[in-house]
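A short write-up of the structure that comes next.
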Amino acid sequence: IIQIIKLTKWTIKLVKEKKLKFIFFYKRIKENKKLIFEEKQYFKKNLNQVEYNFLINNCSYNTKKNSQNSYVESFRSKISLAVTSTLLTENLIAGNKILSCNFTGLDFFNFSINGICSLKKCNYLKFKNRVIKIIKNNKNKYFNMLSKNKNYIAPTVNPDETIGSIKKEICKYL
């Protein structure tokens, strides 16, 4: 879990240096007050007071009213940063720019595609340069810098072809 703290600290530092917009999403849902309290305490214990205050002042909670808030905001963002997660994968598949950060040195946490979207054990300067490069490049250039096509993760399928295939299979049994 140290990698989450490192990513959080580095992101806050970069956002402040470059005056970028920042929205942080807790993993826990707001309705579970015990879990959100535990998560806040974890960050409070591992961040300094300035970092923690910045995080609290720039966080957004998932609520029952808008349980997809993290998805909506990440799809609007110029870049989404995280340790490997389904949210990052879904963002990439949808055509959004992401950066998956694995600072553990363990291959298990590597993102399924390498290139500009994946960063492994590194220092702050390399992290900062990668984020800035991703933000500055347009989506076409970004996607050309992936080791594999984003559809490698989940192929894009034409809905008409899917419906046609299903009808064809059904007709075999009629």
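Just so it is clear, the structure is predicted and the values come from calculations on it, not from any experiment.
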Is there a continuous path of hydrophobic side-chain contacts, each under 4.5 Å between heavy atoms, that joins [X] to [Y]?
X: Phe37; Y: Ile5; answer: no
X: Leu119; Y: Leu106; answer: no
X: Leu146; Y: Ile132; answer: yes

Would Lys128 and Glu17 count as a side chain to side chain contact (heavy atoms under 4.5 Å, CB included) if you check the C-alpha gap in whole Å, the side-chain angles of each, and the deciding distance to 0.1 Å? CA-CA 10 Å; Lys128 174 183 168 179; Glu17 280 178 20; 3.1 Å; yes

Could you give the distance from [atom1] ([X]) to [atom2] ([Y]), rounded to the nearest 0.5 Å?
X: Ser118; Y: Phe109; atom1: OG; atom2: CZ; value: 13.5 Å
X: Phe127; Y: Lys6; atom1: CZ; atom2: NZ; value: 11.0 Å
X: Thr89; Y: Ile98; atom1: OG1; atom2: CD1; value: 7.0 Å
X: Ile79; Y: Cys117; atom1: CD1; atom2: SG; value: 10.0 Å
X: Lys40; Y: Cys59; atom1: NZ; atom2: SG; value: 6.5 Å

State, to 0.1 Å, how close [X] and [Y] come at their nearest heavy-atom pair, and which atoms those are.
X: Phe75; Y: Glu90; value: CZ-O, 4.0 Å
X: Asn138; Y: Asn140; value: OD1-N, 3.1 Å
X: Leu99; Y: Leu88; value: O-CD1, 3.8 Å
X: Ser74; Y: Asn91; value: OG-ND2, 2.9 Å
X: Val83; Y: Leu7; value: N-CD2, 3.7 Å
X: Phe111; Y: Asn114; value: O-OD1, 4.5 Å

Mind checking what makes side chain to side chain donor-acceptor pair (under 3.5 Å) contact with Lys9, not counting sequence neighbours? Glu51

With a 4.5 Å limit on heavy-atom distance, are the side chains of [X] and [Y] in contact?
X: Lys139; Y: Asn96; value: yes
X: Arg130; Y: Lys126; value: yes
X: Lys133; Y: Met145; value: yes
X: Thr11; Y: Phe24; value: no
X: Trp10; Y: Cys122; value: yes

Give a yes or no on whether the backbone of Ile135 and the side-chain of Tyr142 come within a donor-acceptor separation of less than 3.5 Å. no

Would you check, one step at a time, whether the test side chain to side chain contact (heavy atoms under 4.5 Å, CB included) holds for Leu92 with Ile113? CA-CA 10 Å; Leu92 188 69; Ile113 295 179; 4.0 Å; yes

Suppose we call two aromatic rings close when their centres sit under 6.0 Å apart. Are Phe22 and Phe54 close by that rule? yes

With sequence neighbours excluded, residues passing ring-ring contact (aromatic ring centres under 6.0 Å, His included) with Tyr52: none

Let's go through Leu55 and Thr8 carefully: what are the C-alpha distance in whole Å and the side-chain angles of both, what is the deciding distance for side chain to side chain contact (heavy atoms under 4.5 Å, CB included) to 0.1 Å, and is it a yes or a no? CA-CA 9 Å; Leu55 193 70; Thr8 305; 3.9 Å; yes

Report, as yes or no, whether the 6.0 Å neighbourhood of atom NZ on Lys18 holds more than 12 heavy atoms from other residues, nucleotides or ligands. no

Going by atom types alone, do Lys97 and Asn137 pair a side-chain donor with an acceptor below 3.5 Å? no

After noting the C-alpha distance and the side-chain angles of Lys121 and Asn102, does the key distance pass the side chain to side chain contact (heavy atoms under 4.5 Å, CB included) rule? CA-CA 6 Å; Lys121 212 169 180 178; Asn102 176 9; over 6 Å; no

Decide whether a cation-pi geometry holds between Lys120 and Phe103; the criteria are a distance under 6.0 Å from NZ or CZ to the six-membered ring centre and an angle within 45° of the ring axis. no

